[in-house]
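One-based numbering, in listed order, for ligands and for the atoms of each.
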Amino acid sequence: MDCIFCKIANGEIPSATLYEDDMFRVILDVNPASKGHALILPKEHAKDLYELSDETASRALTLARDMAAKMTDALDCEGLNLVQNNGEIAGQTVFHFHMHLIPRYRGDTVKVGWKPYRLTDEMKTELLSALK
Ligand code: 5GP
Ligand code: ZN
């Protein structure tokens, strides 16, 4: 399988690495949305969130928390978005699970958003019956 993030995560392709352990590598995004934009890559291939193993899934969030704290301290950002896309329709372009850590600064040009609409009672009933 020819997966660029497998190669980066496992060190076959060099990258600007901020952190590495037995399961993950954290790198700087080559096209950052803001100063310090980083990606958390598991070393084990999973296409997306749906394919993650239990261990990778649970350790990923612990690592995101620790990286967020470290980056906020070092970069002096005022907040941070944790973004994770699944599927082309959701904006995924590299099909190896990853999480974006996007530091936020006052006046930056980052856009992570949607246009909210009102949840009606009918929608609520339908969703609760489908998902509960
Ligand atoms: P996605 O849209 O799949 O959630 O995000 C993919 C991200 O990976 C993008 O932000 C893109 O800039 C980044 N990216 C793609 N290829 C490379 C690469 O070869 N090296 C690095 N460091 N980042 C990459
Ligand atoms: Zn991969």
- Message: Donor-acceptor check, side chain of His45 to backbone of Phe5, threshold 3.5 angstrom: yes or no?
- Response: no

Does a side-chain N-to-carboxylate-O contact under 4.0 Å join Arg104 and Glu78?
->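 Between Glu78 and Arg104 there is no salt bridge, as every charged N stays at least 4.0 Å from the carboxylate O atoms.
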
* Indicate yes or no: does Lys7 engage Asp2 in a salt bridge with an N to O separation below 4.0 Å. =>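 Salt bridge flag = yes for Asp2 with Lys7.
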
[X] heavy atoms, cut-off 4.0 Å: which ligand 1 atoms fall inside?
X: His100; answer: 1 (P), 4 (O), 5 (O), 7 (C), 10 (O)
X: Ile8; answer: 18 (C), 19 (O), 20 (N)
X: Asn31; answer: 12 (O)
X: Thr93; answer: 1 (P), 2 (O), 3 (O), 5 (O), 6 (C)
X: Gly91; answer: 1 (P), 2 (O)

Heavy-atom side-chain proximity of [X] to [Y] below 4.5 angstrom:
X: Leu61; Y: Leu82; result: yes
X: Phe24; Y: Met67; result: no
X: Leu119; Y: Leu127; result: yes
X: Met71; Y: Cys77; result: no

What distance do [X] atom [atom1] and [Y] atom [atom2] have between them, rounded to the nearest 0.5 Å?
X: Phe97; Y: Glu44; atom1: CZ; atom2: CD; answer: 12.0 Å
X: Asn85; Y: Phe95; atom1: CG; atom2: CZ; answer: 9.5 Å
X: Leu39; Y: His96; atom1: CG; atom2: NE2; answer: 10.5 Å
X: Lys47; Y: Gln92; atom1: NZ; atom2: CD; answer: 7.5 Å
X: Leu18; Y: Arg25; atom1: CG; atom2: CZ; answer: 10.5 Å

Practice problem: For ligand 1, indicate whether the residue Val30 contacts it via side chain, backbone, both or neither (heavy-atom separation under 4.0 Å). | Solution: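 For Val30, the contact with ligand 1 is made by both the backbone and the side chain.
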
I'd like to know whether ligand 1 has Ser15 as a neighbour, heavy-atom separation below 4.0 Å.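 Contact absent.
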
| said: Less than 4.0 Å is my threshold; does some heavy atom of Gln84 fall inside it relative to ligand 1? | reply: no

Is there a nitrogen or oxygen of [X] sitting under 3.5 Å from a nitrogen or oxygen of ligand 1?
X: Phe5; value: no
X: Val94; value: yes
X: His98; value: yes
X: Ile27; value: no

How about His100 and His98: are their ring centres within less than 6.0 Å of each other?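 Yes, the ring of His100 comes within the 6.0 Å limit of the ring of His98, centre to centre.
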
TODO: Distance to 0.1 Å, residue and atom name: give those for the protein heavy atom nearest to atom 22 (N) of ligand 1.
DONE: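 Going by distance alone, atom 22 (N) of ligand 1 is nearest to Leu28 O, 2.9 Å.
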
Notebook entry, point to check: Which one of Asp48, Asp29, Ile13 has a non-hydrogen atom at the shortest distance from atom 13 (C) of ligand 1?
Noted result: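 When every heavy atom of Asp48, Asp29, Ile13 is considered, Asp29 comes closest to atom 13 (C) of ligand 1.
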
Counting only protein N, O or S atoms and ignoring waters, those under 2.8 Å from the Zn ion (ligand 2) are Cys3 SG, Cys6 SG, His45 ND1, His96 ND1

